[in-house]
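These notes concern the structure reproduced below.
When a ligand or atom number is given, it counts from 1 through the structure's own listing order.
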Amino acid sequence: MRTRCKTKLLPIILLVLLFSWEAPADDGYELWMKYRKINNEHLLKQYREAIACIIVPGESETLRIIRSELKRSLDVMLGVDMRYRAAATGENALVIGTPARSDIVQHLQHEGKLQTLGVEGYLITSVTKGKNKFTVIAANRDIGLLYGAFHFLRTLQTRQSLDHLNIVSTPRIGYRLLDHWDNLDGSIERGYAGKSLWKWDELPKKIDKRYHDYARANASIGINGAVLNNVNANPVILKTEYLRKVSALANVFRPYGIRVFLSVNFSSPISGRFEQEGNRKGGIGNLPTADPQAPNVRLWWKNKVKEIYALIPDFGGFVVKANSEGMPGPQDYGRTHAEGANMLAEALEPFHGVVMWRAFVYNAGVDVDRVKRAALEFLPLDGLFRPNVFVQAKNGPLDFQPREPVQPLFGSMTKTPMMLELQITQEYLGHSTHLVYLAPMWKEYFQFDLFAKAPGSTLAAIVDGSLRNAHMTGIAGVANTGDDRNWCGHLFAQANWFAFGRLAWDHSISAQQLADEWVRMSLSNDSGTVSTVSSIMMGSREACVNYMTPLGLHHIMEVDVHYGPGPQNDRGREDWTSVYYHRADSIGLGFDRSSAGSNAVGQYLPPLRSAFDNLETCPEKYLLWFHHVNWDHRMSSGRTLWEELCVRYTAGTDYVREMYNKWLSLEGAVDPQVFSSVKEKLKKQLVDAAAWRDTCLVYFQKFSKQTIPGRH
Ligand code: BDP
């Protein structure tokens, strides 16, 4: 009796379960590669008709990855069981191939359409043959096909029409790297999303599934290289045992078009003990010196490089932080940066490896003004580097502040390929707690005109090589990834990883477009939601500048952690303290870098030099960077400097409140788990922004002796 009753209820229970089942909560793991069912019937019909089957002729690891990506995405998005065909069979199809493997692509090649694609570029076009239409992704190499496949999926993810597709895409920059500041003990310097993704103790035996997903994510946005370890490099990374681990990672990354690179410690050839902090000198060799002119040192590096290439034939090269923040370098032996870089370059040259020699140096002996030091040290070396050396400089002359003018070296180093280093991890912009969309900031840097040749000598044109016909080009982003389930700590920090990759491929894409794409791919395709979220994102960086360091203020954050406000910080080490940078006194505020002051303006080329030098023509966003300005100075708004400062700090905080309220309006429109985690972070950001405003204004008020409007 009881059994019969249960049997009768079973279908009902199943039905209830079916209807109450919901999609699993979004934990952020899938990043922007979320493939949700398309619920726009019109588009769905169009997509299904256009892609009745897929043809990917040939065999390679990369082609296997393409097939599996298309299958997992299209099955879900189109709600079909997508079939693969070996060749055209009288149906509309998606054809993906190189000329050697596909007739249709060969035809395109004969028409000259693949000529400009190079190794990594691709073409997406519609071809009609008889009654059938083919959407064709064509490239010269398999890696171009993978990039093309991800572009195609993006078209669907962002719900665009497939009619009349005619896309030709090639990267503007050659080396597009993520720099991981990951230590061998699993910690990450300036990392805010857990521990390192690289499980050194498990490698090379155990290959974490996540390595594949990492590579997949990078390939989807066009990243083609990863520097695996911290620039404050532990020499142990070059021990054979570690090189085998690196080789295992390289094997995983290779079919995704990602080469591995390493940061190396200049002292590696010597014996001794390396310590992460304090004494950073010490190596893994047995030589008494690391002098780049010593024959046995040069030989040591040549042998080490040979060993690396035997294990990793497509190894990319070395990043070097030398004579900077306690790291060893050629100057320890009376040699120049060029001599140090060239020694490594010579060892790497036979294997086509490169050296990325960092210009992040600021030895106090060089000049009293820290922001001048890199240019003063490196400019005299222009022309002395071997051809496979990049000089890699951060975007600004100081250190990844919320806003800086561009590093003048980019304008004045004319003979050396300059690699641009951006920071994706938000060291100075609220870590993984603050929602700050960085694409508008990077666009501002890309569009910064250095007047190196004529007007229009933008940083972008210098970095992509078009201004000076550079023989190699590169860009690196200090990664914000870690082993947190959602990779980046803050869901919106994923947008920065995404935007970095897309801009490294094509810096001409607008920040707005990238925000829209990312929201559609990660959160929702509802147009109201897209515009609300992207409006939150688009103003978030300017808000951060306003609530932290408006009007050209810089480096006034808490010591070492670089998170909260610390304008009062006045700790012995002069060039790291806030008071050194803001110079507040009874007369005014700001660092005088005009020709009457440190003359940092002199490092810029005309007409920039005079524009910055003159208080009246200096853009207000850089005002306190270049000038010590009277509290009563009239700003373009008609307000005094003091009033303007108050207005900016308040505006920044108000914007965060607006972000928070806009986000609250999205309850029900985005995944509940995403909604609540972002809400909590925004709540904290609001508290932090107010703390920045209050701490800074109360502190500066001691000097201005004026009232803070709205307070008593
Ligand atoms: C500074 C960071 C420090 C890095 C250094 C660098 O605070 O952790 O090691 O830059 O880029 O901004 O070498």
Heavy-atom closest pair, residues H337 and A322: CE1-O, 3.5 Å
salt_bridge(D506, R172) N-O dist < 4.0 Å: yes
Closest contact, heavy atoms only, T416 versus V389: CG2-O, 4.3 Å
Y192 and T433, any side-chain heavy atoms less than 4.5 Å apart: no
Pick out the protein N or O atoms lying less than 3.5 Å from any N or O of ligand 1, and list each pair with its distance.
{"unit_1": "ligand 1", "atom_1": "7 (O)", "unit_2": "R190", "atom_2": "NE", "d": "3.1"}
{"unit_1": "ligand 1", "atom_1": "7 (O)", "unit_2": "R190", "atom_2": "NH2", "d": "2.9"}
{"unit_1": "ligand 1", "atom_1": "7 (O)", "unit_2": "E427", "atom_2": "OE2", "d": "2.6"}
{"unit_1": "ligand 1", "atom_1": "8 (O)", "unit_2": "E189", "atom_2": "OE2", "d": "2.4"}
{"unit_1": "ligand 1", "atom_1": "8 (O)", "unit_2": "R190", "atom_2": "NE", "d": "3.0"}
{"unit_1": "ligand 1", "atom_1": "9 (O)", "unit_2": "E189", "atom_2": "OE2", "d": "3.0"}
{"unit_1": "ligand 1", "atom_1": "9 (O)", "unit_2": "N232", "atom_2": "ND2", "d": "3.1"}
{"unit_1": "ligand 1", "atom_1": "9 (O)", "unit_2": "K321", "atom_2": "NZ", "d": "3.1"}
{"unit_1": "ligand 1", "atom_1": "10 (O)", "unit_2": "K394", "atom_2": "NZ", "d": "3.0"}
{"unit_1": "ligand 1", "atom_1": "11 (O)", "unit_2": "R358", "atom_2": "NH2", "d": "2.7"}
{"unit_1": "ligand 1", "atom_1": "11 (O)", "unit_2": "K394", "atom_2": "NZ", "d": "2.7"}
{"unit_1": "ligand 1", "atom_1": "12 (O)", "unit_2": "D399", "atom_2": "OD1", "d": "2.8"}
{"unit_1": "ligand 1", "atom_1": "12 (O)", "unit_2": "D399", "atom_2": "OD2", "d": "2.4"}
{"unit_1": "ligand 1", "atom_1": "12 (O)", "unit_2": "E427", "atom_2": "OE1", "d": "3.2"}
{"unit_1": "ligand 1", "atom_1": "12 (O)", "unit_2": "E427", "atom_2": "OE2", "d": "3.3"}
{"unit_1": "ligand 1", "atom_1": "13 (O)", "unit_2": "K321", "atom_2": "NZ", "d": "2.6"}
{"unit_1": "ligand 1", "atom_1": "13 (O)", "unit_2": "R358", "atom_2": "NH1", "d": "2.9"}

Electrostatic pair D182-K195, nearest N-O below 4.0 angstrom: no
Side-chain touch L177/D179, heavy atoms, less than 4.5 angstrom: yes
